[in-house]
Number of protein chains: 2
Amino acid sequence: MDSEPAPGSTPYATARAHGHAARRTAALDTASELLERDGPGALTMRRIAAELGCSTTVLYTIFGGKSGIAEQLWLEGFDRLDRAVRGVREPDPLARLTGMGQAYRANALSNRAYYAVMFQRAIPGFEPSAQAYAASLRPLHALADAVEECIRAGVFAPADPMHIARVLWAASHGAVSLELVGYEGAIDAEERYECLMRAAAAWFMTGGGEG
Amino acid sequence: MDSEPAPGSTPYATARAHGHAARRTAALDTASELLERDGPGALTMRRIAAELGCSTTVLYTIFGGKSGIAEQLWLEGFDRLDRAVRGVREPDPLARLTGMGQAYRANALSNRAYYAVMFQRAIPGFEPSAQAYAASLRPLHALADAVEECIRAGVFAPADPMHIARVLWAASHGAVSLELVGYEGAIDAEERYECLMRAAAAWFMTGGGEG
DNA sequence: GCTGTACAGTAACGATGTTCTATTACAGTA
DNA sequence: TACTGTAATAGAACATCGTTACTGTACAGC
């Protein structure tokens, strides 16, 4: 889409001039588009290469293999989630926390394919590296920060913010996961989600987080 | 399920059907063993046939394809879950409900591969049929029954039992799902799980289920 | 014993991720 | 300018997957 080579220059020259970076981002853009448009099943090395106008060999030199591409998409998915969660700017701590919950669900619903890659092992052979895993914890830390402010504001009883954040994440994830799989009908999914969030929040207000 | 030719119940037809049924259960046993031993990735038509000592053609005549086998395993997974949940025989309604939650987690932990098939789309092309989906709701109804008794006993505030059951299931599923994926460390998984269950239960005791 | 049909085994087809091989395009030198 | 070396690429090949066409075979009914 960008990085049009100068007239007369060959692909080789372009790759060399811009380093692999341009080719790399172009490949990731293609993979991302393919993932969102046709789902994880359509994410094929040959298809990425075809849409990119090169052979699959290039993908192997850049990413090492399909797992390399999968990991980048995995990271992109968590980055989107992180931006969605951190984009909630409510001044009130509890409102921010519940807003983050809604942002979590909204992000999952509008990035279903990414969510499948992140949490449903949609790309068969892929397992995230420890490095990628560590990076994926950023949204959880954002949640924990909001929880900590709730505790400081006296809205939540004193407890380990990270513990509470993990519980809240698990609740959100469970509701959204079942909704995305199409389980138990999507009709009341939003109501169910908010009910679960309220339940968890109420519990931590009364100090249940300590037991 | 059916596949009985049925027109004219000649002894040969029934004998053939019996042989058919025997091969069918043998194939499912092999598939199940393969699934549990080597994971969903090892569930291959050729491999099932090899372990069974026949060609893949047989599997296609019996199950129609890999999706047919996947659906049987899917149903078996939900059947195990159902048996685990209904096996809780606590007389006290609330104790039974929390016991069911623990049974849910225990069943998932000891049937990881099945859980992956059921909730993580571990078999790429497989989508459960509407029939299978309906059958998979049995454990949810068991949960709803326990909830209803909690309401009748005055432990839970009056509300739609199915609604509460779904929320509880979502919470359980979220915690277990993250635990199975290896997310957020498995160290405090049990504590986290119980915390979430207590939070949800407490919420419905105070009548949060109506709002 | 013969015929027809339904099933099983073999081999093939298309597609996948991955790798091997040969070619090509460029940079640096004499 | 011509040569050499290196890096990247394309294309075909390999192993595997789900699936299916073809072929033989074994059994029920006459």
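Heavy-atom basis, side chains included; hydrogens, waters and symmetry copies ignored. Proteins get letters first, then strands, A, B, ... in listed order; numbering begins at 1 in each.
For residues 61-68 of chain A, proximity to DNA chain C is found at A:G65, A:K66, defined as any non-hydrogen atom under 4.0 angstrom from a strand atom. If you check residues 118-129 of chain A against DNA chain C, you find no residue with a heavy atom closer than 4.0 Å.
Classification of B:R96 and B:E149 as a salt-bridged pair holds, one side-chain N sitting under 4.0 Å from a carboxylate O. Under the 4.0 Å criterion applied to side-chain N and carboxylate O atoms, B:R47 and B:D38 are assigned as salt-bridge partners.
Nucleotide C:dT24: paired with D:dA7 (Watson-Crick or G-U wobble, both distances less than 3.5 Å).
Remark: C1' of D:dA7 and OH of A:Y60 are 20 Å apart, rounded to the nearest angstrom. When rounded to the nearest whole Å, the span between CE of A:M45 and P of D:dA10 equals 13 Å. Straight-line distance from the CG atom of B:L59 to the P atom of C:dT10: 14 Å, rounded to whole Å. The distance from atom CD1 of B:I48 to atom P of D:dT16 is 17 Å, rounded to the nearest whole Å. Straight-line distance from the CD1 atom of A:I69 to the C1' atom of C:dG17: 11 Å, rounded to whole Å. Between B:R47 atom CZ and D:dA15 atom C1' the separation is 15 Å, expressed in whole Å.
Formation of a donor-acceptor pair under 3.5 Å by the B:S55 side chain with backbone atoms of B:T57 is found in this model. Using a distance-only test at 3.5 Å, with no hydrogens or angles considered, no donor-acceptor pair links the side chain of B:S32 to the main chain of B:D29. A:K66 contributes no side-chain N or O that, together with a main-chain N or O of A:P124, makes up a donor-acceptor pair within less than 3.5 Å.
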Could you list all N or O pairs between the protein and nucleotides 11-13 of chain C that sit under 3.5 Å apart?
unit_1, atom_1, unit_2, atom_2, d
C:dA12, N6, B:R46, NH2, 3.3

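When B:D79, B:L81, B:V85 are each tested for a side-chain contact (heavy atoms from CB on, under 4.5 Å) with B:R83, only one passes: B:D79.
With hydrogens and angles left out, the side-chain atoms of B:S177 and B:Y115 include no donor and acceptor closer than 3.5 Å.
Listed candidates were C:dG17, C:dT10, D:dA10. Nearest to the side chain of A:V58 is D:dA10. For B:T44, the side-chain atoms get nearest to D:dC17 when compared with the rest of C:dA8, D:dC17, D:dT20. For B:C54, taking side-chain heavy atoms from C-beta onward, the closest of the listed nucleotides D:dT9, C:dG9, D:dT20 is C:dG9.
Here the closest non-hydrogen pair linking A:R86 and A:R89 is O-NH1, 3.4 Å.
Among the heavy atoms of the strands lying under 4.0 Å from B:L43 are primed sugar atoms or P, OP1, OP2 only; no base atom is included.
With a 4.5 Å cut-off on side-chain heavy atoms, B:T56 and B:I48 do not count as touching. Two residues are said to be in side-chain contact when any heavy atoms from C-beta on lie closer than 4.5 Å; B:Q120 and B:V181 meet this criterion.
Using a 30° and 60° split on the angle between ring planes, A:W74 and A:F126 fall in the perpendicular class, above 60°.
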